[in-house]
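Report on one structure; see the data block that follows.
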Amino acid sequence: MRAFHGQMSDNQPIRRTLAEKQKQLRDLRETLATMKSHTAPALRESVQKRIRQLESEVSAAPALRAGEKRPAPGGTAPGDRPRSPRRRPERGI
């Protein structure tokens, strides 16, 4: 079965909102705190790396959000125009 454009199997990153990132950060910190002493060092390092990534994204988010709220010089925000509906790909039988 072939994937169509935009399907989750396209190996694209999952986009998360700021609230979802903050929740994931809390969960990862809790996971790191509850890890046993005999936990594999590679696993501990990967969790710490993801925590650092999320902290940088969350700290940069207010600056990005403030930039998005400003209207474009043309007077309308980029998301104000109506979107065209997506078409389903045609299947050949």
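Scope of the values below: all heavy atoms of this structure, side chains included, with no hydrogens, waters or symmetry mates.
- Applying the salt bridge (charged side-chain N to carboxylate O under 4.0 Å, His left out) test to R26 and every residue at least two apart in sequence or in another chain returns nothing.
- Note on residues 30-47: no pairs pass side chain to side chain donor-acceptor pair (under 3.5 Å), not counting sequence neighbours.
- Residues meeting the side chain to side chain donor-acceptor pair (under 3.5 Å) test with Q53, sequence neighbours left out: R50.
- Residues L43 and L25 share a hydrophobic cluster, clusters being chains of Ile/Leu/Val/Met/Phe/Trp/Tyr side chains in contact below 4.5 Å.
- Listed by chain and residue number, nothing satisfies the salt bridge (charged side-chain N to carboxylate O under 4.0 Å, His left out) test with E20 (two or more places apart in sequence, or in another chain).
- Among the candidates K21, R16, Q22, the single residue satisfying the side chain to side chain contact (heavy atoms under 4.5 Å, CB included) test with E57 is K21.
- In terms of hydrophobic clustering, with Ile, Leu, Val, Met, Phe, Trp and Tyr side chains grouped at heavy-atom distances under 4.5 Å, L54 and M35 are assigned to a common cluster.
- For the pair R29 and E55, the minimum side-chain heavy-atom distance is below 4.5 Å.
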